[in-house]
Amino acid sequence: MAMIILVHGVALLLLLALSNASKVYGDFEQCGLNPKLDPRPHTVSILEFGAVGDGKTLNTLALQNAIFYVKSFADKGGAQLYVPPGKWLTGSFNLTSHLTLFLEKGAVIIGSQDPSHWDVVEPLPSYGRGKDVPEGRYKSLINGYKLEDVVITGNNGTIDGMGSVWWEWYNSHSLNHSRPHLVEIISSNSVVVSNLTFLNAPAYSIHPVYCSNVHIQNVSISTPPESPYTAGIVPDSSDNVCIEDSNVSIGYDAISLKSGWDQYGITYGRPAEKIHIRRVHLHAFSGSAISFGTEMSGGISNVLIKHVHIFNSNSGIEFRTIKGRGGYVKQIVISNIKMENVHTAISAKGNCGSHPDDKFDPKALPLLNHITLKDIIGTNITIAGNFSGIEESPFTDICLSNITLSTNSVSSTTWECSNVSGFSDSVLPKPCQELSKPSNSSSSSCFYLMSLGEQKSAGL
């Protein structure tokens, strides 16, 4: 009888594992679905609308007029707006559906350093206020709203935000509105950003928010180490996102997954989910190469990350949340990671970030569980792991496997843990007791999910 009960128990665990795995993976292999970029049947050049590429003439009106003209081709297969070599100074401008914005080699779109050339817009509804200051926010350099089929690409052209003045205003608390991003696409479907270089973003470089089916491929992103709270790619309350074959060297976070801030994100209720990241090289000077949160009130789930090189960074992989945030981070599988010269390799913090105002519910506790990290090698690591959960809502089901982190002598503590539980297998240095439970029947769901992830993502 005991044997029968045991067999049924194992079978039940296996079924649970299969169920959980199907939730994470299912048919989701977003990076295996390369976007079909058919040539547009029509092409126009910004030169036809009076644009001047001398780096001094303001071209906002020329770009706006060109895009207004391109709208007439929306029902005819769309059009390509061609940006030839030159330095094209502009303020913020809006894209349209069924458009390809193409930057030729040697073409540089330059963001104006005059804030009057940037429109001011309302805060995003899932945030309730601007990130830097409570008032509105400057519209991003290149914008899209409720678009279908938009492509921003080129022959390695460049988009330069000229962010130094914005960083100075941020540091001196002189901002009237929150800083703009380089590219922000809102509430849109079928978005491609590829084959471009992004420099000196005032805040974020690429920010898809409330979007579906986003493919970011072969981009290079850079801001100086001293640029405050700049981020590279920020998938925000978006689904079916692929980020691949790219290089990001940034002041704060290289890739940051978000889904809204406290009660605003909870009310808006749109998660970041079905996100696939692979074959990227990341350097985050003062933040994290890959971060989850802190703004994650709409939830983050079903994330697959593999084949990542992280170097010269303050933090490698970091999960961030705080009481009052609500939401969840779950069903995350991260594997095949190489780290070099990283202060803290892996961390999860339950007391990180701030609140937009005093209207948040302190009883809105975030959940963090079913996080799998596997096949990670690190050299010159100061702290292997720092897991500091929330007493009322501990972090659970943290699964660590085949992780070898070569630590330096800077810190005598390699792991720090509180309010966390999980399982580990073949991890050096040995993790703290809370994460040292061996793989057994009680962790079969965790490790089965991990192995299935390896099978599903093989070759991707």
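These numbers come from a predicted model, not from an experiment.
- Going from atom CG of Leu147 over to atom OG of Ser190 covers 10.5 Å, rounded to the nearest 0.5 Å.
- Judged by distance alone, the side chains of Ser388 and Asn419 never bring a donor and an acceptor atom under 3.5 Å apart.
- A donor-acceptor pair under 3.5 Å links the side-chain atoms of Ser288 to the main chain of Gly316, judged by distance alone.
- Taken from CZ in Phe292 to CD1 in Ile305, the straight-line distance is 4.0 Å, to the nearest 0.5 Å.
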Derivation and outcome, side chain to side chain donor-acceptor pair (under 3.5 Å), residues Thr413 and Ser411: CA-CA 5 Å; Thr413 303; Ser411 174; 4.7 Å; no
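- With 3.5 Å as the limit, one finds a donor-acceptor pair spanning the side chains of Ser116 and Asp114.
- The distance from the CD1 atom of Ile243 to the CD atom of Gln217 is 12.0 Å, given to the nearest 0.5 Å.
- Note that CG of Leu365 and OG of Ser393 are 5.5 Å apart. Values are rounded to the nearest 0.5 Å.
- In this structure, Lys71 has no salt bridge (Lys or Arg N to Asp or Glu O under 4.0 Å) partners at least two apart in sequence or on a different chain.
- Nearest heavy-atom pair, Asn143 versus Ile185, reported as atom, atom and distance to 0.1 Å: C-CD1, 4.2 Å.
- Val303 has its side chain within reach of Leu257: a pair of non-hydrogen atoms, C-beta onward, lies under 4.5 Å apart.
- A side-chain donor-acceptor contact under 3.5 Å links Ser256 and Ser291.
- Nearest heavy atom pair, residue Ala272 against residue Pro235, reads CB-O, 4.5 Å.
- The shortest non-hydrogen separation linking Ala289 to Leu282 is O-CD1, 3.5 Å.
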Do any side-chain atoms of residues 134-141 form donor-acceptor pairs under 3.5 angstrom with protein atoms, and if so which ones, sequence neighbours left out?
from	atom 1	to	atom 2	distance (Å)
Arg137	NE	Glu122	O	3.2
Arg137	NH1	Glu184	OE1	3.1
Arg137	NH1	Glu184	OE2	3.1
Arg137	NH2	Glu184	OE1	3.0
Lys139	NZ	Asn94	OD1	3.4
Ser140	OG	His181	N	3.2

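- Residues Leu435 and Ser421 come closest through the heavy atom pair CD2-C, 3.9 Å.
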Steps toward salt bridge (charged side-chain N to carboxylate O under 4.0 Å, His left out) verdict (Asp357, Arg129): CA-CA 9 Å; Asp357 50 42; Arg129 53 157 281 177; over 6 Å; no
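- Atom NZ of Lys338 has 12 or fewer neighbouring heavy atoms from other residues, nucleotides or ligands inside a 6.0 Å radius.
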Just do the salt bridge (charged side-chain N to carboxylate O under 4.0 Å, His left out) check on Glu295 and Arg320 with the steps written out, would you? CA-CA 8 Å; Glu295 302 86 9; Arg320 305 172 183 149; over 6 Å; no
Where do Asn195 and Asn156 land on the side chain to side chain donor-acceptor pair (under 3.5 Å) test, with the steps shown first? CA-CA 5 Å; Asn195 303 321; Asn156 198 31; over 6 Å; no
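- Between Asp262 and His355, the side chains place a donor N or O and an acceptor N or O closer than 3.5 Å (distance only, hydrogens not considered).
- Panel note: side chain Ser92, backbone Asp119; a donor-acceptor pair is recorded below 3.5 Å.
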Could you please spell out the steps behind the side chain to side chain donor-acceptor pair (under 3.5 Å) verdict for Thr230 and Thr223? CA-CA 7 Å; Thr230 52; Thr223 64; 3.1 Å; yes
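- Between Glu434 and Val420 the shortest heavy-atom distance is CB-O, 3.1 Å.
- Side chains of Asn218 and Asp245: no donor on one and acceptor on the other come within 3.5 Å.
- Under the 30°/60° scheme for interplanar angles, the aromatic rings of Trp166 and Trp118 are found to stand perpendicular.
- No hydrogens or angles considered: a donor-acceptor pair under 3.5 Å links the side chains of Tyr210 and Ser126.
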Test salt bridge (charged side-chain N to carboxylate O under 4.0 Å, His left out) on Arg270 and Asp239 and set out the steps. CA-CA 9 Å; Arg270 176 153 182 172; Asp239 62 90; 2.8 Å; yes
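- A donor-acceptor distance shorter than 3.5 angstrom exists from the side chain of Ser313 to the backbone of Phe311, with no hydrogens or angles considered.
- Donor-acceptor pairing under 3.5 Å is lacking for the side chains of Asn240 and Ser212.
- Remark: side-chain polar atoms of Thr100 are not paired, donor with acceptor, to backbone N or O of Gln80 under 3.5 angstrom.
- There is no side-chain donor-acceptor pair under 3.5 Å between Asn386 and Glu318.
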With ring pair (Phe, Tyr, Trp, His ring centres under 6.0 Å) as the criterion, how do Tyr127 and Tyr264 come out once you've worked through the C-alpha distance, each side chain's angles and the decisive distance to 0.1 Å? CA-CA 5 Å; Tyr127 286 83; Tyr264 303 105; 9.0 Å; no
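- Panel note: side chain Ser205, backbone Ala201; no donor-acceptor pair is recorded below 3.5 Å.
- The aromatic rings of Trp415 and Phe387 lie parallel to each other, their planes meeting at an angle below 30°, with 60° marking the opposite boundary.
- Between Asp425 and Leu400 the shortest side-chain heavy-atom distance does not fall below 4.5 Å.
- Between the side chains of Arg325 and Ser297, no donor-acceptor pair is found at a separation under 3.5 Å.
- For Tyr145, the OH atom counts as loosely surrounded, since its 6.0 Å shell holds 12 or fewer non-hydrogen atoms of other residues, nucleotides or ligands.
- Across all non-hydrogen atoms, the minimal contact from Val193 to Val219 is O-CG1, 3.9 Å.
- Side chain of Ser246 to main chain of Glu244: a donor-acceptor pair is present (N/O by atom type, distance under 3.5 Å, no hydrogens or angles).
- Judged purely by atom type and a 3.5 angstrom limit, Ser178 uses its side chain to pair as donor or acceptor with the backbone of Lys131.
- For the atom pair Cys242 SG and His215 NE2, the distance stands at 3.5 Å (nearest 0.5 Å).
- Judged purely by distance below 3.5 Å, without hydrogens or angles, the side chains of Asp149 and His98 pair a donor atom with an acceptor atom.
- For the atom pair His281 NE2 and Ser220 OG, the distance stands at 11.0 Å (nearest 0.5 Å).
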